Amino acid sequence: MRRLFVAAMAAAAFCGVTTAQAEVITLKLSHFLPSSHPSQKDFIEPWVAELEKRTNGKVKVEIYPAGSAFGHVAKQFDQVRAGVVDIAHGLTGFPRGRLPRTLVTDLPFLVKTSDAASKTLWDLYPTYLAPEYKGMKMLAMHAHNGGLIHTRDKKVEKIEDLKGLRLRTPSLAISNMLKYLGATPVGLPPTQVYENLQKGVIDGNVFPYEAVNSFKLYEVLGYHLDAKAYTTSFYFAMNEKKYNSLPEDVRKVIDEISGQTLVNKFGAWWTKWDQPGIQAIKDKGNTVTVLTDAQRDEWRAHLQPMIDVYLDDMEKQGVPNAREIYAKAQELVAKYEK
């Protein structure tokens, strides 16, 4: 009899362990940058750790960076919307032309800082951007500090200096800017830029300081125009059905560590992430030219016809309030850059 009791208790204990293990929720999180990128160390890993900690281990997150099964920048948007991955940190410019409302913030000389750009995007999201993310639970949106025009062999100081140069571009808005300024835009994922610069396939690129270090581009570049010419935006989103299927306490934790709380951190992060790029350029002895605010105003005025055409095209392609979105973005940027 005692043996039967012990056996029954052992079986019950085993079933308890099995049940507890079955209750662990595993989420797949993908992003398009190398695992060594500071965004994984400072943003993604701490966010994951906080989620796991606050749910007492009920949730575990598997991270898939660039080079992994789910780390392709052009596939992430569809993967998270379809539920192939549960969460994705993606680049809004890829795939091309899918998020025109969001990409209004990529228009040239609109914003200088990540903090202002990120807060502007998050304020725009509920009223203006949400239709582009059907099927997703938006966890955060952000953008990098004002980007530079980097070149390999030719110093760029004036608009005329860009004529004929082949430059890597991150989005349609920046492609249009480069065309208007006389350059030839070339669409490439960030991970392919170094090789194409080295081979002379492209003459330069537009990137923030952060990418110059992260992708070692300072090694194959010689000149940098700090124009704060543009920004590129990113989304951090979860599959909506997956989010809704989670227990209430888990959803509560996700909400608490995401949204405005998370958006507010990106300004300081991007400033930190830019520093190694600034130092690497300095150490190599590359030439840096900085546009003054007055010069930026001149470039913006020169580009106004291009911006008008871009907004006209948006309206023709089904975004009737394109100018309203742009005007609101200008208003919010002015508010946050005071």
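Counting from 1, the numbers follow the sequence of the chain as shown. The shown structure was predicted, so the numbers you read here are calculated from the model rather than taken from an experiment.
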K.L.:
I'd like to know if the side chain of Arg168 reaches the main chain of Leu188, judged simply by a donor and an acceptor atom lying under 3.5 Å from each other, with no hydrogens or angles considered.
P.N.:
yes

K.L.:
Taking salt bridge (charged side-chain N to carboxylate O under 4.0 Å, His left out) as the test, write out the residues that go with Asp274, two or more places apart.
P.N.:
none

K.L.:
Could you verify whether a donor N or O on one side chain and an acceptor N or O on the other, from Glu210 and His144, lie under 3.5 Å apart?
P.N.:
no

K.L.:
Under a single-linkage rule joining Ile, Leu, Val, Met, Phe, Trp and Tyr whose side-chain heavy atoms are separated by less than 4.5 Å, which residues share a cluster with Val212?
P.N.:
Leu148, Tyr209, Tyr218, Ile278, Ile281, Val288, Val290

K.L.:
Between Leu167 and Ile202, is the side-chain contact (heavy atoms from CB on, under 4.5 Å) condition met? List the steps.
P.N.:
CA-CA 6 Å; Leu167 303 175; Ile202 57 175; over 6 Å; no

K.L.:
Taking Ala211's backbone N and O only, do any of them form a donor-acceptor pair with Ser214's side chain (distance below 3.5 Å, no angle check)?
P.N.:
no

K.L.:
What distance do Thr120 atom OG1 and Glu331 atom CD have between them, rounded to the nearest 0.5 Å?
P.N.:
9.5 Å

K.L.:
For Tyr133 and Glu240, does a side-chain donor sit closer than 3.5 Å to a side-chain acceptor?
P.N.:
no

K.L.:
Taking only residues two or more places apart in sequence or in another chain, which ones pass salt bridge (charged side-chain N to carboxylate O under 4.0 Å, His left out) with Lys252?
P.N.:
Glu256

K.L.:
Run the side-chain contact (heavy atoms from CB on, under 4.5 Å) check on Lys155 and Asp161 step by step: do they pass?
P.N.:
CA-CA 8 Å; Lys155 183 178 181 180; Asp161 297 334; over 6 Å; no

K.L.:
Under the salt bridge (charged side-chain N to carboxylate O under 4.0 Å, His left out) rule, what pairs show up with a residue in residues 27-36, not counting sequence neighbours?
P.N.:
none

K.L.:
Before accepting this row, confirm whether a basic side-chain N of the pair Lys328/Asp123 lies closer than 4.0 Å to the acidic partner's carboxylate O.
P.N.:
no

K.L.:
Would you call the rings of Trp269 and Phe266 parallel, tilted or perpendicular, taking 30° and 60° as the class edges?
P.N.:
perpendicular

K.L.:
Indicate yes or no: at least one non-hydrogen side-chain atom of Met306 is less than 4.5 angstrom from one of Leu107.
P.N.:
yes

K.L.:
Scan for side chain to side chain donor-acceptor pair (under 3.5 Å) pairs involving residues 75-92, sequence neighbours excluded, and state none if there are none.
P.N.:
Ser30-Gln76, Asp78-Arg98, His89-His142, Thr92-Ser233

K.L.:
Not counting sequence neighbours, which residues clear side chain to side chain donor-acceptor pair (under 3.5 Å) with Lys228? List them please.
P.N.:
Asp226

K.L.:
Would you say Ile159 and Glu298 make side-chain contact, with heavy atoms under 4.5 Å?
P.N.:
no

K.L.:
Roughly how far apart are Lys158 NZ and Thr289 OG1, rounded to 0.5 Å?
P.N.:
10.0 Å

K.L.:
Are any side-chain N or O atoms of Asn239 and backbone N or O atoms of Lys241, one a donor and one an acceptor, separated by less than 3.5 Å?
P.N.:
yes

K.L.:
Whether Arg166 and Asp203 form a salt bridge (side-chain N of Lys/Arg under 4.0 Å from carboxylate O of Asp/Glu) is what I want to check.
P.N.:
yes

K.L.:
Quiz question: by atom type and distance under 3.5 Å, do the side chains of Asp42 and Trp273 form a donor-acceptor pair?
P.N.:
yes

K.L.:
With side chains defined as the heavy atoms from C-beta onward, is the minimum distance between Tyr235 and Leu129 less than 4.5 Å?
P.N.:
no

K.L.:
With sequence neighbours left out, write down each residue that passes ring pair (Phe, Tyr, Trp, His ring centres under 6.0 Å) with Phe236, or none if nothing qualifies.
P.N.:
Phe43, Trp47

K.L.:
Do the side chains of Val80 and Met136 get nearer than 4.5 Å, heavy atoms only?
P.N.:
yes

K.L.:
If you look only at pairs with a residue in residues 174-184, which of them pass as a side chain to side chain donor-acceptor pair (under 3.5 Å), with sequence neighbours excluded?
P.N.:
Thr169-Ser175

K.L.:
Could you name each residue pair satisfying ring-ring contact (aromatic ring centres under 6.0 Å, His included) that touches residues 315-338, not counting sequence neighbours?
P.N.:
none

K.L.:
Measuring from atom CG of Leu225 to atom CD of Glu157, what distance do you get when rounded to the nearest 0.5 angstrom?
P.N.:
8.0 Å

K.L.:
Can you name the closest pair of heavy atoms from Leu262 and Ala140 and give their distance?
P.N.:
CD2-CB, 3.7 Å

K.L.:
State, yes or no, whether a side-chain contact exists between Asn264 and Lys119 at a heavy-atom distance under 4.5 Å.
P.N.:
yes

K.L.:
Is the shortest heavy-atom distance from the side chain of Asp312 to the side chain of Arg323 under 4.5 Å?
P.N.:
yes

K.L.:
Using 0.5 Å steps for rounding, measure from the OG1 atom of Thr261 to the CD atom of Glu50.
P.N.:
10.5 Å

K.L.:
Please report the shortest heavy-atom distance between Ala116 and Val111, naming the atom on each side.
P.N.:
CB-CG2, 4.1 Å

K.L.:
With a 4.5 Å heavy-atom cut-off, do Asp106 and Tyr230 have their side chains touching?
P.N.:
no

K.L.:
Please list, chain by chain and in numerical order, all residues satisfying side chain to side chain donor-acceptor pair (under 3.5 Å) with Glu324, sequence neighbours excluded.
P.N.:
Tyr128

K.L.:
Go through the side-chain N and O atoms of Gln317 and Asp313 and say whether any donor and acceptor fall under 3.5 Å apart.
P.N.:
no

K.L.:
So, are Glu195 and Lys199 salt-bridged, with charged N and O less than 4.0 Å apart?
P.N.:
yes

K.L.:
Can you check whether Glu52's main-chain N or O pairs, donor with acceptor, with Thr55's side chain at less than 3.5 Å?
P.N.:
yes

K.L.:
Taking the side chain from Glu337 and the backbone from Lys112, do they hold a donor-acceptor pair closer than 3.5 Å?
P.N.:
yes

K.L.:
Please collect all salt bridge (charged side-chain N to carboxylate O under 4.0 Å, His left out) contacts where either partner lies in residues 130-140, sequence neighbours excluded, each pair once.
P.N.:
Arg101-Glu132, Lys137-Asp255

K.L.:
Using atom types as modelled and distance alone, determine if a side-chain donor or acceptor of Gln275 lies under 3.5 Å from a backbone N or O of Lys272.
P.N.:
no

K.L.:
If we ignore angles and hydrogens, is there a donor and acceptor under 3.5 Å between the side chains of Lys284 and Asn286?
P.N.:
yes

K.L.:
Would you please name every residue forming a ring pair (Phe, Tyr, Trp, His ring centres under 6.0 Å) with Phe70, sequence neighbours left out?
P.N.:
Tyr64

K.L.:
Could you check if a side-chain atom of Arg54 sits within less than 4.5 angstrom of a side-chain atom of Val250, using non-hydrogen atoms only?
P.N.:
no

K.L.:
Can you see which heavy atom on Ala322 is nearest to which on Glu315, and at what distance?
P.N.:
CB-CG, 3.9 Å

K.L.:
Side chains of Thr113 and Asn145 only: does a donor on one sit below 3.5 Å from an acceptor on the other?
P.N.:
no

K.L.:
I'd like to know if the side chain of Tyr125 reaches the main chain of Thr102, judged simply by a donor and an acceptor atom lying under 3.5 Å from each other, with no hydrogens or angles considered.
P.N.:
no

